[in-house]
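Data block below; observations after.
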Amino acid sequence: MKKDFFAQLVHGAIDKAIEEKQLGELQENNFNPICEIPKNTQFGDYAVNVASLARFAKMAPPIIAQNIARYINPKGFSINTAAGFINFKLEKELLNSIVEEILDKKEFFASSNIGHGEKVNLEYVSANPTGPFHIGHGRWAALGSTLANIMNFCGYDVYQEFYINDAGNQINKLARSLELRVKELKGEKVIWEDDLYPGEYLIDCAKRYIESGEKENYADFAKADMLRLQKELLEKFRTHFDCFFSELSLYKNNEVEKCVAELDKKGKLYQKDGAIWFKSSDYTDSQDRVLKKSDGTNTYLTADIAYHKNKLERGFTRLINIWGADHHGYIPRMKAAIDALGYDSSCLEVLLGQLVNIIQNGEQMRMGKRKKMVTLDELVDEVGVDATRFWMLMRSIDTTIDFDIDLAKSQSDKNPVFYVQYAHARACSILRKATEKRIDTENKSELPALFSTEELSEIKKDTNIESLFDENQSHDSKEAAKALILKLEESKAIINAAAKLRAPYLLCKYSQELATAFHHFYNYSRVLSDDKELSKKRLAIVYCFTVILGKTLDLIGVSAPQKM
RNA sequence: GCGCCUGUAGCUCAGUCGGAUAGAGCGUUGGUCUCCGAAGCCAAAGGUCACGGGUUCAACUCCCGUCGGGCGCACCA
């Protein structure tokens with residue numbers, strides 16, 4: 001990408017400057033130049049800050065910048081220095097090379113191999129099969145699926161996994177709840193005990209149970225039914241798992257007991273108060289944890305340790321889990337377990353997502369399965385998959401989202417996602433118009449289309465847009481075209497950063513900036529005109545825009561409409 | 001009490017690695033369609049970056065402390 005290109009250039013120039021003793025007391029080039037895009041574009045398109053060399057060179061930053069810049073041969077760009085910055089401005093040759101590369105690589109323009117094929121297990125959502133998803137699950141689903149898309153695009157080998165918590169007490173409660181619903185449907189009067197699942201969704205489940213002939217036990221039927229509903233919603237929400245991993249299967253395959261035995265063998269367990277404890281405080285945990293309760297049953301942690309062991313045994317070198325912030329205290333004990341089993345716990349990366357508050361009628365509602373709540377299903381039905389995903393993704397993972405249902409419903413046309421999609425539809429419309437017949441408004445006669453479909457596909461393959469930056473173009477038009485091309489190029493840096501930092505929200509932000517750059521370009525440059533050569537070059541840029549924006553939206557799982 | 005997250009424009013949020021004049025959307029005000037989609041574009045107003053120290057040539061950014069908000073501190077899952 002261009003940032004790296006200029007950073008390398010500066011690095012090389014520093015080598016030469018040191019050789020020629022132009023950098024004072026600086027002897028060795030340990031400097032890692034970082035290229036950034038200046039906030040103020042008057043300085044340049046790209047800038048490298050060399051001021052931090054001042055303390056080693058014992059020279060003033062502006063002189064350092066000048067002395068380094070002298071060793072850079074400006075080909076396709078111009079250089080200026082100011083206040084410790086070396087600034088670069090791209091000229092038409094380099095701008096054209098960007099467009100050529102996009103036309104050549106298309107949606108893979110920003111693809112990379114920074115992941116080097118690393119085998120990553122990404123676990124997210126992992127809900128109990130006891131009821132419908134709440135809005136918070138939507139955030140984890142959107143985050144996980146998008147992160148998987150981004151990382152796969154950047155050369156990681158991501159395997160997406162959903163851990164089904166189908167082995168705890170909650171399953172007994174679910175079974176009992178279904179049983180009561182079935183009895184109710186048959187006209188029996190029942191008394192609901194505390195702590196059950198009184199949600200109405202179990203009424204439908206009970207109907208299906210009766211229809212099925214009541215052959216299965218309540219627990220198995222309810223679990224399967226809930227899981228089926230969850231899977232359907234996930235598909236609709238464009239979240240695709242490679243594997244649904246059952247907690248129960250760990251017990252059936254004796255993996256839990258084997259795991260406990262292994263920890264015991266390594267001397268990491270002890271008995272106290274009739275329970276079996278894991279010495280997690282030998283590691284970074286604040287206290288020891290119970291694995292086997294005094295009644296002989298295992299805790300949730302026990303199976304989860306076996307699960308993580310299972311993942312590592314399957315050859316994953318990196319385990320990424322997306323958890324809600326309310327689980328943060330759980331991280332040290334999990335890491336302790338991984339270390340105790342002889343693995344390196346630094347392979348476990350837990351992304352803690354802050355929670356989602358639901359705001360309705362101006363009041364905050366608690367998330368929770370047992371209280372009245374808004375389900376993800378309802379939300380998606382009301383505001384759509386695109387808007388829901390975008391809203392869930394657009395904020396950094398560290399920020400609590402206040403999801404205002406009323407706002408999302410009533411002002412959906414003010415959603416940023418519509419702004420972005422509109423830009424895409426607008427660009428597609430121009431590409432469509434290019435091959436449609438035109439109407440001469442003055443004498444109402446029909447004019448032939450500007451381009452044939454063959455010509456348009458030629459434009460999409462090969463063009464030279466350098467003339468867009470000739471003297472006869474207006475300043476605003478040139479600047480807008482340049483800004484758009486640079487913004488397109490930025491997709492490389494943004495997508496790589498999103499993969500490395502596990503930060504999907506960067507793509508939402510970028511998609512908005514890219515849309516703005518396009519609208520700006522559109523405003524200053526009439527694309528289709530009688531000047532056929534000019535139209536061709538501008539169409540090429542419009543096409544590049546649809547490719548890059550389309551791919552960006554594809555990665556975040558939001559549709560890129562041709563028409564709206 | 002301890003731990004994690006957080007405090008930036010009226011509201012919701014960006015701010016990468018410590019660098020140039022602090023950024024966007026929404027909202028407000030004023031412009032802008034005979035012409036490719038005005039769901040757009042342009043402009044204006046709006047800031048003691050919670051507060052106090054420290055490190056540095058340079059701090060919204062790093063360190064320490066104080067205050068406010070969220071979440072968690074189980075033989076629940």
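Chain A is the first sequence line, chain B the second, and so forth, proteins listed ahead of strands; every chain is numbered from 1.
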Exercise. When all nucleic acid strands are considered with a 4.0 Å heavy-atom cut-off, which category describes Ser525(A): base, sugar-phosphate, or nothing?
Worked result: base

For this session: Would you kindly compare Thr399(A) and Ala515(A) by the position of their nearest RNA chain B nucleotide and give the one closer to the 5′ end?
Result: Thr399(A)

Problem set entry | Heavy-atom closest contact (Leu507(A) atom, Thr552(A) atom, distance) | O-CG2, 3.8 Å

Seminar exercise, completed: Ala425(A) has its side chain closest, among C41(B), G37(B), C71(B), to G37(B)

For this session: State which of A14(B), C35(B), A20(B) makes the closest approach to the side chain of Pro38(A).
Result: A20(B)

Exercise. If we ignore angles and hydrogens, is there a donor and acceptor under 3.5 Å between the side chains of Arg389(A) and Thr146(A)?
Worked result: yes

For this session: Side chain of Met564(A) only, please: which of G37(B), C4(B), C13(B) is the nearest?
Result: G37(B)

For this session: Under 4.0 Å between any heavy atoms, over every strand shown, what does Met394(A) touch: base, sugar-phosphate, or nothing? Just pick one.
Result: nothing

Exercise. Any idea which of C5(B), A20(B), G15(B) is nearest the Ala82(A) side chain?
Worked result: A20(B)

Exercise. What are the two closest heavy atoms between Phe521(A) and Ala481(A), and how far apart are they?
Worked result: CD1-CA, 3.7 Å

Problem set entry | For RNA chain B, the dot-bracket pattern of Watson-Crick and G-U pairs whose distances stay under 3.5 Å, | for other-strand partners | (((((((..((((.....[...)))).(((((.......))))).....(((((..]....))))))))))))....

Set out, line by line, the N/O atom pairs under 3.5 Å between protein and nucleotides 73-77 of chain B.
from   : atom 1 : to        : atom 2 : distance (Å)
C75(B) : O2     : Ser294(A) : N      : 2.7
C75(B) : O2     : Ser294(A) : OG     : 3.0
C75(B) : N3     : Ser294(A) : OG     : 3.4
C75(B) : N4     : Asp273(A) : O      : 2.9
C76(B) : OP2    : Lys293(A) : NZ     : 2.5
A77(B) : OP1    : Lys293(A) : NZ     : 3.3
A77(B) : OP2    : Tyr300(A) : N      : 3.1
A77(B) : O3'    : Gln170(A) : OE1    : 2.9
A77(B) : O3'    : Gln170(A) : NE2    : 3.1
A77(B) : O2'    : Asn128(A) : OD1    : 3.1
A77(B) : O2'    : Asn128(A) : ND2    : 3.3
A77(B) : N1     : His327(A) : NE2    : 3.4

Problem set entry | Leu352(A) side chain, from C-beta outward: closest of C42(B), C4(B), A20(B) | C4(B)

For this session: Rounded to whole angstrom, note down the C1' distance from C13(B) over to C5(B).
Result: 16 Å

Problem set entry | By salt bridge (Lys or Arg N to Asp or Glu O under 4.0 Å) - contacts of Glu161(A) (at least two apart) | Arg314(A)

Exercise. Looking for any heavy atom pair under 4.0 Å, which part of the strands does Ala47(A) touch: base, sugar-phosphate only, or nothing?
Worked result: base

Problem set entry | Closest listed nucleotide, where the reference is the side chain of Phe85(A) and the choices are C71(B), G37(B), G19(B) | G19(B)

Problem set entry | Pairwise C1' distance for G15(B) and C60(B), with rounding to whole Å | 8 Å

For this session: Consider the side chain of Asp398(A), meaning its heavy atoms from C-beta on, and name the nucleotide among G37(B), U6(B), A20(B) that approaches it most closely.
Result: U6(B)

Problem set entry | Shortest side-chain distance from Phe43(A), nucleotide among C4(B), A20(B), U6(B) | A20(B)

Problem set entry | Shortest side-chain distance from Arg426(A), nucleotide among C35(B), A14(B), G40(B) | G40(B)

For this session: Take atom P in C62(B) and the same atom in A20(B), then report the distance between them in whole Å.
Result: 16 Å

Problem set entry | Residues in salt bridge (Lys or Arg N to Asp or Glu O under 4.0 Å) contact with Lys532(A), at least two apart in sequence or another chain | Glu455(A)

Exercise. What class does the angle between the rings of Trp323(A) and His308(A) fall in, given that below 30° is parallel, 30 to 60° is tilted and above 60° is perpendicular?
Worked result: perpendicular

For this session: Output the distance between atom SG (Cys428(A)) and atom CE (Met564(A)), rounded to the nearest 0.5 Å.
Result: 11.5 Å

Detail all sub-3.5 Å separations between protein N/O atoms and N/O atoms belonging to nucleotides 22-24 of chain B.
none

Exercise. Starting at the 5' end of RNA chain B, which residue's closest nucleotide do you reach first, Pro416(A) or Lys433(A)?
Worked result: Pro416(A)

For this session: Sequence neighbours left out, what passes salt bridge (Lys or Arg N to Asp or Glu O under 4.0 Å) with Asp530(A)? Give chain and number order.
Result: Arg438(A)

